[in-house]
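Everything below concerns the one structure shown next.
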Amino acid sequence: MDSQQSTSVLELELEAFQRQVTERFLELSSAGPDPLLSLAWIQKLLDSFLCCQEEFRVILFNHKSLVHRPPLDRFVQDYFERTVKGLDVCNAIRDGIEQIREWKKLLEIVLCALHNQRMFGEGQFRRAKKALIDLSISMLDEKDSNASSALAHRNRSFGRQQASSRDQHHRNLGHFRSLSWSVSRSWSAARQLQAIGNNLVAPRGNEVVATNGIAVAVYTMNTILLLVMWALVAAIPCQDRGLQVHFSIPRQFPWAQPVVLLHERILEESRKRDRRNAPGLLRELYQMDKCARVMGDLMDLVQFPLTEEKEGEVRQRVNELANVCEVLKEGLDPLERQVREVFHRIVHSRTEGLDSLGRPNHV
């Protein structure tokens with residue numbers, strides 16, 4: 001009787017878990033074109049992952065006796081190993097967030113020079129223009145590094161022909177990435193994603209029966225882990241970014257359609273002409289790049305004394321830059337906290353899981 005009751009409870013837990021995954025990713029995949037890949041959307045994506053991860057952890061905790069048995073012990077162990085590969089992705093994403101902050105500082109120089117000024121002077125324009133040039137070169141360098149191999153990136157001082165003025169700007173910008181990168185210079189986000197998705201296949205019918213259905217939950221979390229890490233790499237500047245990850249999900253899973261749709265929408269975004277080789281698909285990054293380019297083009301045409309029409313256009317563009325800065329100011333810190341939370345949740349979950357399996361852990 002107790003066994004039957006336990007099985008009934010497990011079935012309800014597994015159904016609730018599958019329902020939560022489906023509902024959350026249905027909402028994420030149905031976002032409009034503007035919210036998709038925005039800071040707010042990325043935060044919602046990470047929140048969904050954390051909630052699904054917690055419900056999955058509770059299922060494993062409540063049914064330890066099943067987790068100890070083969071083949072489920074092997075499936076769970078495999079999941080924990082995949083999550084560990086996500087730790088480096090989290091570190092690289094936090095570095096990417098810091099890179100965006102560096103770009104925001106350059107925009108703030110422009111705003112300091114031009115925002116809410118009663119009158120514009122040539123000195124203010126020179127200062128703002130230099131900051132925009134530095135921003136353009138830094139973002140272009142990030143695009144180039146994404147288009148290059150990891151080896152070329154690691155040896156870029158010797159492997160690429162660069163104009164002397166560009167080299168000087170690199171020195172002026174302080175070589176931020178070489179000093180602050182928290183993963184090795186040979187590390188590749190593309191290869192890490194491939195490692196997370198390697199041999200990721202749905203459980204066979206006999207494996208589902210042998211694990212009382214928990215194997216399906218493990219496969220679900222493996223897929224969600226891969227999708228979330230892939231979306232982070234797609235959105236945020238990251239060392240050796242690459243989006244060539246194959247998602248092959250059997251249609252019988254209720255969450256398959258929204259997950260596949262989400263993958264397709266992000267890929268479609270990456271293929272747009274103005275997003276190809278971008279440092280990241282984050283919506284606010286696109287707005288930053290676009291506003292900075294428009295502002296830079298405008299400043300190239302400015303002549304003093306300014307006409308009333310030209311002054312009004314400059315003020316409009318400066319206000320647009322100010323709006324982008326404000327969104328980044330409000331969104332980057334919460335996003336970084338969430339990425340840190342994902343990192344610590346993975347560490348805690350793996351430690352707890354391996355301890356329950358009686359296996360050594362090497363986090």
Side-chain angles (χ1 to χ4, degrees), residues 39 94-117 120-148 152-153 156-181 185 235-239 241 274-304 313-329 331-332 336:
L39 282 167
R94 287 173 62 187
D95 288 336
I97 293 171
E98 190 59 35
Q99 175 69 84
I100 297 173
R101 287 197 182 101
E102 294 297 308
W103 292 336
K104 184 172 78 72
K105 288 177 184 177
L106 293 171
L107 285 187
E108 288 168 349
I109 293 173
V110 178
L111 295 179
C112 184
L114 301 177
H115 197 223
N116 293 329
Q117 299 290 345
F120 293 133
E122 292 188 51
Q124 294 166 306
F125 267 61
R126 283 195 297 270
R127 184 184 179 198
K129 190 170 183 178
K130 180 183 182 304
L132 287 172
I133 291 171
D134 286 348
L135 174 63
S136 176
I137 289 174
S138 182
M139 294 188 78
L140 181 62
D141 182 60
E142 188 73 30
K143 293 177 186 179
D144 288 348
S145 71
N146 288 333
S148 305
H153 184 99
R156 62 184 179 179
S157 298
F158 305 97
R160 284 210 301 253
Q161 297 296 320
Q162 297 176 336
S164 59
S165 61
R166 184 165 168 180
D167 288 338
Q168 181 61 46
H169 279 296
H170 281 195
R171 288 192 288 273
N172 291 341
L173 290 172
H175 294 287
F176 161 76
R177 294 187 59 185
S178 63
L179 294 176
S180 304
W181 201 254
R185 298 297 282 176
I236 307 295
C238 199
Q239 185 168 302
R241 288 172 66 247
D274 54 354
R275 311 302 297 277
R276 293 175 191 166
N277 297 323
L281 298 178
L282 186 71
R283 180 67 53 182
E284 287 77 8
L285 263 186
Y286 172 69
Q287 293 168 343
M288 173 195 288
D289 189 25
K290 183 179 178 181
C291 288
R293 280 189 285 107
V294 171
M295 186 73 188
D297 291 344
L298 176 62
M299 296 185 78
D300 286 340
L301 301 175
V302 164
Q303 293 182 344
F304 283 87
E313 190 176 353
V314 170
R315 292 189 186 280
Q316 178 186 344
R317 300 306 180 190
V318 170
N319 286 336
E320 290 172 358
L321 284 178
N323 290 336
V324 172
C325 269
E326 186 62 27
V327 172
L328 290 171
K329 180 182 177 182
L332 287 178
E336 184 177 25

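Keep in mind that what you see is a predicted model, and the values were worked out from it rather than measured. Reckoned from all heavy atoms, side chains included, excluding hydrogens, waters and symmetry mates.
The CG atom of D289 lies 9.5 Å from the CG atom of L140; values are rounded to the nearest 0.5 Å. For the atom pair CE (M288) and CG (L107), the distance works out to 4.5 Å, reported to the nearest 0.5 Å. To the nearest 0.5 Å, atom CD of residue E122 and atom CD of residue Q303 are 10.5 Å apart. Note: L285 CG to I100 CD1 = 4.0 Å, rounded to the nearest 0.5 Å. The CE atom of M139 sits 13.0 Å away from the CG atom of D134 when rounded to the nearest 0.5 Å. Remark: L328 CG to L282 CG distance equals 7.5 Å, nearest 0.5 Å.
A pairwise comparison of heavy atoms in C325 and L111 identifies SG-CD1, 3.8 Å as the closest pair. Annotation for G331 and L39: closest pair CA-CD1, 3.9 Å, computed over non-hydrogen atoms. For the residue pair L321 and A292, the shortest heavy atom distance occurs at CD2-N, 4.0 Å. Closest heavy-atom contact between P237 and W103: CG-CZ3, 3.9 Å.
At least one side-chain heavy atom of N319 sits less than 4.5 Å from a side-chain heavy atom of H115.
Under 4.0 Å is where a charged nitrogen must lie from a carboxylate oxygen, and between R94 and E98 no such pair does. Between R293 and D297 there is no salt bridge, since none of the side-chain N atoms of the basic residue sits less than 4.0 Å from a carboxylate O of the acidic one.
Using modelled atom types, one side-chain atom of Q239 and one backbone atom of R185 make a donor-acceptor pair closer than 3.5 Å. Although no hydrogens or angles enter the test, the distance criterion places a donor-acceptor pair under 3.5 Å between the side chain of R315 and the main chain of Q117.
A search for salt bridge (charged side-chain N to carboxylate O under 4.0 Å, His left out) contacts involving K105 returns E102, not counting sequence neighbours. Under the side-chain hydrogen bond (donor to acceptor under 3.5 Å, both in side chains) criterion, N116 pairs with no residue at all, not counting sequence neighbours. Legend: residues meeting salt bridge (charged side-chain N to carboxylate O under 4.0 Å, His left out) with D300, ordered by chain and number and at least two apart, are K129. Every residue two or more places apart in sequence or in another chain that forms a side chain to side chain contact (heavy atoms under 4.5 Å, CB included) with Q287 is listed here: R283, E284, V324. Residues satisfying the side chain to side chain contact (heavy atoms under 4.5 Å, CB included) criterion with R127, sequence neighbours excluded, are I109, C112, A113. A search for side chain to side chain contact (heavy atoms under 4.5 Å, CB included) contacts involving V314 returns F120, F125, M295, L298, V302, V318, not counting sequence neighbours. N323 meets the side-chain hydrogen bond (donor to acceptor under 3.5 Å, both in side chains) test with no other residue; sequence neighbours excluded. For the salt bridge (charged side-chain N to carboxylate O under 4.0 Å, His left out) test, residues two or more places apart in sequence or in another chain that qualify with R275 are E269. With sequence neighbours left out, the side chain to side chain contact (heavy atoms under 4.5 Å, CB included) criterion links Q316 to E320.
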request  = Test K290 against D274 for side-chain contact (heavy atoms from CB on, under 4.5 Å), laying out the working first.
outcome  = CA-CA 9 Å; K290 183 179 178 181; D274 54 354; over 6 Å; no

side-chain contact (heavy atoms from CB on, under 4.5 Å) assessment of R241 paired with L281 = CA-CA 11 Å; R241 288 172 66 247; L281 298 178; 4.2 Å; yes

